[in-house]
Amino acid sequence: MHILLTAFEPFGGNSTNITQEVIQALPEQIGEHLLHKRVLLVSFQRAPRVLREAIEQQRPDFTLMLGQCGEGEKIRLERYAHNMMDSRLGDNDHDCPTEEIIYPEASAAMMTTIGQSLHALCASLENEGLPVTVSTSAGLYVCNRVYYEALYLGQKALFVHIPKNLDLDQVIKTLYSLIHQLL
Ligand code: PCA
């Protein structure tokens, strides 16, 4: 299987983004699955374009998207992407959309297309001692924007938010297990 694995550059005054470190630490192949890695810009306008190009190039069987979140001790499996962009602080291009709808003709929210229960997936990862939880909102910032794009393009996709101070080895272990269970 071909997996498109995305991460983000640093944003909001951070000098690093844990998701960039995570994808650098992962190999190009896990079992029979090939990982196609892309680091996305933290830009409402440019990130979805780069994602779209990557999807057109790679035609992935699965799109696994990673983003950094500030707080929390658990990796969050995101159930929904919302059809809205909203940010007071702005993205790396200083774009500050206010309650802006992404695609006026499309639904207000789209749900992950993994085709299995998120709670069951979460429980199985927790059984391995991995720090995960199910989340119902990826926010309205750039992570949500690219998650909406992937789902809008009909991708089989899951967005995963990773708290910035989590132990890198734990995160890597979680991603290995997640990839095995998703594919
Ligand atoms: N996290 C931000 C955007 C980039 C990232 O890593 C978010 O949660 O929207």
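Each ligand, and each atom within it, is numbered from 1 in the order the structure gives. Reckoned from all heavy atoms, side chains included, excluding hydrogens, waters and symmetry mates.
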Look at the aromatic rings of Y152 and Y148 and report parallel, tilted or perpendicular, splitting at 30° and 60°. parallel

In terms of ring plane angle, is the pair F11 and Y141 parallel, tilted or perpendicular, where the classes change at 30° and 60°? tilted

Amino acids in close contact with ligand 1, where any non-hydrogen atom sits under 4.0 angstrom away: F8, F11, N17, V42, G67, Q68, Y141, V142, C143, H161

Residues clustered with M84, ILVMFWY side-chain links under 4.5 angstrom: I101, L140

Side-chain donor/acceptor of S177 to backbone N/O of K173, under 3.5 Å: no

Would you check if the side chain of R76 reaches a backbone N or O of S137 as a donor-acceptor pair within less than 3.5 Å? yes

Might you confirm whether atom CD of E73 has over 12 heavy atoms from other residues, nucleotides or ligands at distances under 6.0 Å? no

